[in-house]
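Please read the structure below before turning to the comments.
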Number of protein chains: 2
Amino acid sequence: MKIGELANRSGLTPSRIRFYERIGLLKAVDRKANGYRSYPAEAVTILGLIALAQGAGFSLDEIRALLPADLEHWEHDALAGALTRKVADIETLQARLARSKAHLLHVIDEIEARPDDIDCATNARRVLTRLLGEDAEMPVASLRAKQF
Amino acid sequence: MKIGELANRSGLTPSRIRFYERIGLLKAVDRKANGYRSYPAEAVTILGLIALAQGAGFSLDEIRALLPADLEHWEHDALAGALTRKVADIETLQARLARSKAHLLHVIDEIEARPDDIDCATNARRVLTRLLGEDAEMPVASLRAKQF
DNA sequence: CCTGACATTCAAGTTAACTTTAAGGTCAAG
DNA sequence: CTTGACCTTAAAGTTAACTTGAATGTCAGG
């Protein structure tokens with residue numbers, strides 16, 4: 001199978017597949033006489049797995065550390081541990097998101113529920129004072145460091 | 001107030017504050033005779049708001065579009081709309097995370113609950129087959145495009 | 001007067017995960 | 001024999017949000 005067909009079957013682009021090879025996530029495959037890469041059918045499965053793991057929040061580095069050379073020879077304990085830790089990561093993120101959401105809803109409430117008898121500027125001051133006095137959270141965005 | 005003091009009070013670094021000015025998130029402030037930036041007390045509030053918004057998942061671009069020149073003159077409707085949309089974004093992410101988590105737990109189950117009478121390789125094939133046959137999700141990581 | 005803690009600017013580096021571009025081979029079909 | 005769809009490589013570009021580095025200026029204290 002040439003790289004274009006593999007790309008079609010796996011849903012990844014050729015450039016992405018070559019990139020994975022370059023960074024050592026995929027081992028270099030055989031070449032035909034003309035230099036074209038020639039993939040075994042198994043490659044579709046491997047790429048599918050990579051995409052799946054990415055979808056679950058694993059970074060390419062993490063995936064590289066877990067993907068066995070032989071698809072039937074997983075490092076059971078490392079894999080189970082990584083999966084469990086990833087679940088914990090997700091739970092952390094869920095908790096953080098819940099707090100962000102609650103916070104946002106609270107702010108929406110504050111700005112919508114302005115008493116009729118005070119003007120916008122006064123209300124703005126009131127909202128601002130409350131907002132900055134409350135909890136200062138860690139940025140949700142900082143989670144990108146952990147692949148979310 | 002010089003930039004160092006503002007940095008201390010706001011918890012941001014001086015380089016970050018200069019960066020915000022460079023990209024137009026903060027308007028340029030007055031300079032002392034020696035060229036040093038001189039900030040009004042209000043700047044602490046503004047930086048606090050920026051950090052707060054970032055914590056809630058807003059990108060700097062979004063924040064720039066929402067932050068009024070005058071802190072007491074918010075564009076009420078734009079702000080309320082943006083907050084509401086951000087809550088919706090968070091809900092989308094929550095749903096996605098829930099699915100990822102369920103998926104991971106399912107995989108952990110599959111690899112742990114291997115029947116005693118089949119070997120690792122066979123189990124690996126069984127797990128792989130199920131895994132790749134199921135749903136292929138969008139990567140959680142793709143949410144970074146929306147600031148999470 | 002010197003030292004050290006500040007301040008300034010501009011350019012370049014960082015991270016992840018790719019894509020894009022450029023310049024060029026290969027090959028089946030018409 | 002030429003077109004067009006593929007394939008190859010290496011290098012550079014992308015995005016967000018900063019940081020780091022280099023070269024230099026300012027200023028209060030001892």
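Just so we're clear, the structure is a prediction, and the values are computed from it rather than from any experiment. By convention in this document, chain letters (A, B, ...) are assigned in the order of the sequence lines, proteins followed by strands, and residues within each chain are numbered from 1.
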Quiz item: Crowded around B/E75 CD? As in, over 12 foreign heavy atoms under 6.0 Å?
Solution: no
Quiz item: Does a sphere of radius 6.0 Å around CG in A/D30 hold more than 12 heavy atoms from other residues, nucleotides or ligands, not counting ones at 6.0 Å or beyond?
Solution: no
Quiz item: Between B/K2 (NZ) and C/dA5 (C1'), how many Å, whole number?
Solution: 9 Å
Self-check item: Single hit among A/L12, A/L67, A/T45 for side-chain contact (heavy atoms from CB on, under 4.5 Å) with A/I50
Solution: A/L67
Quiz item: Separation of B/R18 atom CZ from C/dT9 atom C1', in whole Å?
Solution: 9 Å
Practice problem: Give the cluster check for B/L47 versus B/Y36: same hydrophobic cluster or not, with ILVMFWY residues linked at side-chain heavy-atom distances below 4.5 Å. | Solution: no
Quiz item: Hey, which of these two, A/I3 or B/D61, hits DNA chain D nearer its 5' end, going by closest nucleotide?
Solution: A/I3
Self-check item: More than 12 heavy atoms from other groups under 6.0 Å of NE2 on B/H76
Solution: yes
Quiz item: Please give, in whole Å, the distance from C/dC18 P to A/I63 CD1?
Solution: 9 Å
Exercise. Report yes if a side-chain nitrogen or oxygen of A/Y20 is closer than 4.0 Å to either non-bridging phosphate oxygen (OP1 or OP2) of C/dA17; otherwise report no.
Key: no
Exercise. Flag yes if more than 12 heavy atoms outside A/D70 fall under 6.0 Å of its CG atom; otherwise flag no.
Key: yes
Self-check item: A/L60 CG to C/dT15 P, straight-line distance once rounded to whole Å
Solution: 15 Å
Self-check item: Side-chain N,O (B/R16) to OP1/OP2 (D/dT19) below 4.0 Å
Solution: no
Quiz item: How many Å lie between CZ on B/F19 and C1' on C/dG13, as a whole number?
Solution: 14 Å
Exercise. Could you please spell out the steps behind the side-chain contact (heavy atoms from CB on, under 4.5 Å) verdict for A/L60 and A/Y20?
Key: CA-CA 9 Å; A/L60 297 186; A/Y20 284 168; 3.5 Å; yes
Exercise. Rounded to the nearest angstrom, tell me the gap between atom CZ in B/F58 and atom P in D/dA17.
Key: 13 Å
Quiz item: Can you tell me how far C1' of C/dC18 sits from CD1 of A/I50, to the nearest Å?
Solution: 14 Å
Quiz item: Where along residues 7-15 of chain B does a heavy atom come under 4.0 Å from DNA chain D, residue by residue in number order?
Solution: B/T13, B/S15
Quiz item: Looking at residues 21-47 of chain A, who's got a heavy atom less than 4.0 Å off DNA chain C?
Solution: A/R22, A/N34, A/Y36
Exercise. Using a cut-off of 6.0 Å, state whether more than 12 heavy atoms not belonging to A/K27 lie near its atom NZ.
Key: no
Self-check item: From A/Q94 atom CD to A/T92 atom OG1, the distance as rounded to the nearest 0.5 Å
Solution: 9.0 Å
